[in-house]
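Working notes, beginning with the structure itself.
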Amino acid sequence: MEITLKFYRFSPGNGSKGDFQEYPVEIDESATVLDALMQVKEDQDSTIAFRGSCRTGFCGDCTMRISRRNRMACSTTVGAAQNEGTITVEPVRLITTTKDMMYDLDTWVYDKYKAVEPWIETDQKSPDKEHVVSNKVVQDLRKVMSCTMCWLCDEGCSTMVVDRKFVGPLALTKAYRSVFDPRDNRTEARLKNLSEKNGMWDCCHCYEASEHCPKGIDPTERIFALRNKAIKANAGIPTVRNHYRSFAKSVKSHGWLDEARLAIETEGLTNIKGQLKQVPLAIKAFRKGKRPLPYFLHEKREGRDRIKRIFEKWEENE
Amino acid sequence: MPYHDVIVIGGGLAGMRAAIAAKAAGVDVGLVSKIHPLRSQSSGSHSGINAAIKSDDSWQSHAEDTIKAGAYLADQDVVEAMCQDALRDVVLLEHMGVPFSRDGDGLIDVMPFGGSSQPRTCYVGDSAGHIVLQVLYENIVRMGIATYDEWTATSLMIADGACCGVTAYDLASGKLEALSARSTVLATGGIGRLFATSTSALFATADGVGMAYRAGVPLMDMEMVQFHPTTLKGKGLVVSEAARGEGAYLVNAAGDRFMSNYSTDGDRAPELEARELCTQAIDTEIQEGRGDDGCVFLDFRHLDNDRIDDRLPETRFLVKTYLGLDITKDLVPVQPAAHRPVGGIQVDAQGATGVAGLYAAGEAACSGAHGAGRLAGNSMLDSIVFGRRAGEAAASNSRAAGKTEAPANLLAEQVEQAQGLSTRDGSSDSIGSLRRQLNQTLQSSMGVRRDGASLEQAVSAIQDLKERYQHIAVPTIGGPYNPSLPAYLELGNMLDAAHIMLTCAAARQESRGAHQRGDKPDRDDADWLQHTVAVSIPEGPQVSTKPVTITQWQPS
Amino acid sequence: MAYAFFPGCVSKGGCPELYPAAKIVADKLNIELVELRDVGCSGAGVLSQEVSDPVNARTLAKVEKMGMTMMTICSTCQGTFTQANHRLQSDPEYRDRINQEYLASEGLRYDGTVDIKHFLWILDEEYGLDNLKDLVVHPLEGLKVAPFYGCYLRRPPELMVPKGFEGRKTVLEKTIETLGGEVVNTSGKGKCCGFPILSSSEDNSLAMCGDHTLEAKDKGANCMVTPCPLCHLELDGKQEDAARHKKQDIDLPILHLPQMVGLALGFSPRDMGLHKHLVSTEEIVNILEGVRA
Ligand SMILES: Cc1cc2nc3c(=O)[nH]c(=O)nc-3n(C[C@H](O)[C@H](O)[C@H](O)COP(=O)(O)OP(=O)(O)OC[C@H]3O[C@@H](n4cnc5c(N)ncnc54)[C@H](O)[C@@H]3O)c2cc1C
Ligand code: SF4
Ligand code: SF4
Ligand code: FES
């Protein structure tokens, strides 16, 4: 079929923002958008720049915004992408480009990947023996390792929109692999590293990452798992650790969550500056008839003994 | 000028394995790859790696299967080395972090795979290549190996008969640079883009073969190209052999299950025959007019829908995405497509070429370990074993010989040539139009079945294309992220590789393994238990032969 | 119509205006709410599943005995419960273990049969928006409302918006229209409000809050409505801080879903507790009154 490919052109340094250039392409509708781009590059304009390698969705290199949807150029047919004979191809939103469709992957993908030290370090030295690991465990590792690094999860991430320094779900999924690989011997150091600024505690567990992952890897759940492990290992950042602890304590003793206590304990009872930060809101809320602050006023509810027992049982099990 | 003791060209399995081995041997390493290593074609390999790790198996049995699959054209000393090393190399991969699938005892499991006499393929779920590639890259990062991502090597720098590095085009800056090295390892992968349909990634353009050829390095068994029997019509995307394993039929245009006419084993479904036989049977159906538009069909319609969703979800998804068909309702048109080269840059068992300081490994190389055809599951093994060996050999060469520096004029020549491209008058040809003609030529002459006359014709067609190639103008060379120059050079490499392949195929006057000639239908051990070896002379590739090394398995 | 009602912590704690509003509205709609009293907090995705699953299984076991669907008025409670329920339903072994270890001593067991629905879904899927429309006495004419779902009412989609329930993706918009309001769509309506990272990463949290409210304002909204009180804590409670963070005035009133329904059904802003919000709701009160006058 005859289509018009509107391809986003952008050159650094010439001061302009970039614009669409139109290329007429005669191509079968079952061909992919990547095929169409290759055709333009070979026949019309050898200077257009984009990435792509495997042609079938496993190398993760051809992520683009095609006719206003983020997807893989090699897994999108011309027929499916065209809208009244036109296909637009432009960069996805949260990542910067260095030219045309060339993303600055070093900054936004590979450096973050490297920051989580995505390998494993083992004690096994005998060159004839593999580690003994159950298939169930390696199966889970394989699932996360099937990540193609297409960064669609980062692209959908709520936190990334407001803070691009956030290490992001892609890298955290890699981190999950290292932390949960029983062959690795650096779990604690890793959890500490992940708790640094811009680390895993900046994730707002919104499940956007899971929704956007084409491989069903469920990055959000992976991040949850990492955090739970960190709490248990006592490795989280103090305010968060306190927040989790206090949450648990409140539910344990009252059956219900006590937000006021949470606010106070999250900042740490001795953290005066942190406490003061809460005061204006608390006063305003109080004036508005919202729940008064001191946590000892929290009503105890029915059933709390039972719930306490569940907590005790769980703690025993730990 | 950047210098490394060892420079590795190629970020696939072979290249990364070589880089890791060299670094572990204590020398300074640079890894050059025209696409980011993690995006290499190796990640497309699904099934696994052969190694006789189980106690009821032996490396000898593995070697025997390998030699048979190679139709006795393999050098048996090299095969022995590969099958012995396999045991430790697989365990080493596990130590590096590969989460191999486990058996009930928590040890590496093996599965049966085409052509092996027993289960011997170590697998990683269904994504061996992808995951091994990830793990190797993790180790590249961990070891602090210098990487040159999106740098395309354009020529070997040879001075005083020794290789002293490469010139390479840095896509980000748009500049040609010289990278000096005492030892250089070529691991540039395959040749798939030479064919109109192939199972390869976009950048399998025979760069290593082209660079080596132009530098006078010999190439071996270049006529040997393996085909995959079932790839999606016109796309070359592999429909997993699991499809037939699950009971899909192969039918021709008339709806006949034709495999029963070719099958030699009455006990099992005829579709379960070995890959080579299926490929040839499908090709025969198509050639003899019983196909449909160059294809036969895979028929899944008699299979239970739930089972399809359970066992073949990827296949169902693939067919839906690329052909818009539903395998539970529609016939799926498939055809054989070029899968992987068996020949390549001639190397010994250490990966050394005839040129001092130059090594090669992986799909780019030919050590003689596979003869006339690769056993399924031996390709990844080849990349891993010979990648490591080449890295080690390169490191010890660098250590022994010390630093070197490439003469400055080598880069200057390249730069001048490149600039010349932009001042050409140009012609009506484009890179795309020449590539398509190259594809057509190979598709019709270097397919599953070949014959002397069309090979000769194709050779002259390629010569014509090579001539026209010299006139294509490349208006803008250089500048940030301008892919024009590598695209032009890739076409040149493909034309050279095609020229060599066709010449070798015309030379080999017999049918053996992946090389089937209609006009020479029989295997000829008396005259052709020989490798073909091609080198560049001014008139084009010159082919000679080299005897096969036999240790304990006599041809039968 | 009767439901086992799980009010959640926040509707009585941080957002005390929500609980009475929900009760009043349900009453008006003739929906009987049988409140679950001796049950525990859902865990809000903060507590480890290892302890929140037993606590939630206990709640569900009680609901199962009552033979009712459970209703929530909080996206986060809804999400946490749906996820826990999914684990308990799809893995009988896991459910048995929890039954034995945690519930048996109390004479309880959960068999995995309970359905859990947010008030918003109930309005559309069970009560029927047409029926709701019939009860509207004060259409929200002139009110430009930006919907804001809260993450857990939409994700993970395979659980929250399963096949056959695709309407859940736009049910808030449809509800606004049913009540006579005008929908103002924003890019962030399905995104995170920022509340979960308030303690770990306050700047990012405020930036989210600011982005969402400012976008709605820029597009002409005069209020925002949310079915999630945690989103309310952020979007209302933290709006002033967000404004400071963004160095821009915002002043966008945030309504709880039952409040919006209640206003259209004729209850006064005071009945609905609008005066308890931190961001002044005066503007919408004026608009509605202008229409009514
Ligand atoms: C679909 C498919 C399925 C397969 N299944 C199996 C299987 O089940 N089992 C098995 O054993 N094998 C299988 N194989 C084969 C196996 O994957 C390959 O033989 C092996 O991965 C080759 O590795 P390599 O490192 O040589 O090449 P590649 O992975 O192709 O790497 C080549 C590298 O060289 C770089 N490069 C190329 N040219 C240049 C240049 N000019 N300058 C710089 N860098 C350059 C590229 O960027 C790339 O990084 C399969 C192959 C395919 C395509
Ligand atoms: S769940 Fe966390 S990492 Fe994933 S998109 Fe949301 S904020 Fe980002
Ligand atoms: S986790 Fe999923 S979405 Fe994220 S990079 Fe990997 S494959 Fe892509
Ligand atoms: S080209 Fe590899 S994912 Fe698209």
Side-chain angles (χ1 to χ4, degrees), chain A residues 158-159 161-163 166 198 201-208 210-211 218 220-221 224 228 231-232 236-237 239-240 242-244 247-248 250-252 254-260 262-263 266-267 280-281 284-285 288-291 298 301-304 306-307 309-311 313-315 317-318, chain C residues 8-10 12-17 37-41 43-52 54-55 58 79 101-102 105-106 151-152 154-157 188 190-208 210-211 233 237-238 240-241 273 275-278:
Chain A
S158 299
T159 296
V161 179
V162 296
D163 184 4
F166 175 41
N198 300 318
W201 298 100
D202 282 6
C203 160
C204 63
H205 33 94
C206 62
Y207 286 96
E208 289 274 6
S210 296
E211 182 173 2
D218 214 345
T220 310
E221 285 297 344
F224 267 132
N228 279 333
I231 300 274
K232 278 187 199 159
I237 47 178
T239 50
V240 179
N242 292 342
H243 178 85
Y244 275 58
F247 198 112
S250 169
V251 177
K252 181 179 171 186
H254 295 89
W256 294 89
L257 167 64
D258 182 331
E259 299 131 38
L262 197 61
T266 297
E267 293 295 347
L281 176 63
K284 195 164 173 204
K288 290 282 192 162
K290 294 212 171 197
R291 173 165 293 282
H298 191 90
R301 299 203 194 168
E302 295 162 54
R304 63 177 193 276
R306 288 293 177 178
I307 285 161
R309 224 166 287 157
I310 291 181
F311 270 80
K313 184 96 213 265
W314 168 57
E315 284 157 2
N317 284 355
E318 282 292 283
Chain C
C9 313
V10 187
K12 292 182 166 183
C15 298
E17 66 279 3
R37 291 188 181 276
D38 70 341
V39 294
C41 165
V46 174
L47 285 185
S48 160
Q49 282 166 18
E50 289 158 32
V51 62
S52 67
V55 172
R58 182 176 173 274
E101 274 184 37
Y102 294 101
S105 63
E106 220 184 316
C151 296
Y152 302 105
R154 294 173 57 134
R155 284 181 299 272
K191 291 228 175 274
C192 177
C193 63
F195 183 76
I197 48 171
L198 197 48
S199 66
S200 56
S201 170
E202 192 178 6
D203 282 351
N204 287 347
S205 174
L206 295 178
M208 288 181 191
D211 284 351
L233 279 179
K238 282 285 165 184
E240 197 178 305
D241 291 351
H275 57 289
K276 294 197 175 179
H277 295 189
L278 297 197

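All chains are named by letter (A, B, ...) in the order of the sequence lines, taking the proteins before the strands, and each is independently numbered beginning at 1. Below, each value reflects all heavy atoms present in this structure, side chains not excepted, and no hydrogens, waters or symmetry copies.
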Q: Using non-hydrogen atoms and a 4.5 Å limit, figure out which bit of Ser105(C) sits close to chain A: side chain, backbone, both or neither.
A: both
**Q.** From CH2 (Trp314(A)) to OG (Ser48(C)), nearest 0.5 Å
**A.** 5.0 Å
Q: Work out which heavy atom in Ile197(C) is nearest to a heavy atom in Trp201(A); give both atom names and the distance.
A: CG2-O, 3.7 Å
Q. Are the side chains of Cys206(A) and Lys191(C) in touch, meaning some heavy atoms are under 4.5 Å apart?
A. no
Q: For Met208(C) and Ser158(A), work out which heavy atoms get closest and say how close.
A: CE-O, 3.5 Å
Q: Quick one: pull up CZ in Arg58(C) and CZ in Arg306(A) and give me the separation to the nearest 0.5 Å.
A: 7.0 Å
(Q) Could you measure the distance from the OG atom of Ser205(C) to the CG atom of Asp163(A)? Nearest 0.5 Å is fine. (A) 12.0 Å
Q: Could you tell me which non-hydrogen atom of Pro196(C) sits nearest to which non-hydrogen atom of His205(A), and how far apart they are?
A: CB-CE1, 3.6 Å
Q: Answer with side chain, backbone, both or neither: which region of Asn228(A) has an atom nearer than 4.5 Å to a non-hydrogen atom of chain C?
A: side chain
Q.
Ser200(C): which residues meet the side-chain hydrogen bond (donor to acceptor under 3.5 Å, both in side chains) condition with it, sequence neighbours left out?
A. none
Q. Which region of Tyr152(C), side chain (C-beta onward) or backbone (N, CA, C, O), has a non-hydrogen atom less than 4.5 Å from a non-hydrogen atom of chain A, or is it both or neither?
A. side chain
Q | From Cys151(C), Pro157(C), Pro156(C), residue fulfilling side-chain contact (heavy atoms from CB on, under 4.5 Å) relative to Tyr207(A) | A | Pro156(C)
(Q) Is Asn204(C) in contact with chain A via its backbone, its side chain, both, or neither, using a 4.5 Å heavy-atom distance? (A) both
Q | For Glu211(A), side-chain hydrogen bond (donor to acceptor under 3.5 Å, both in side chains) partners two or more places apart | A | none
Q. Between Asn198(A), Val161(A), Val162(A), which residue shows the highest count of heavy-atom pairs closer than 4.5 Å to chain C?
A. Val162(A)
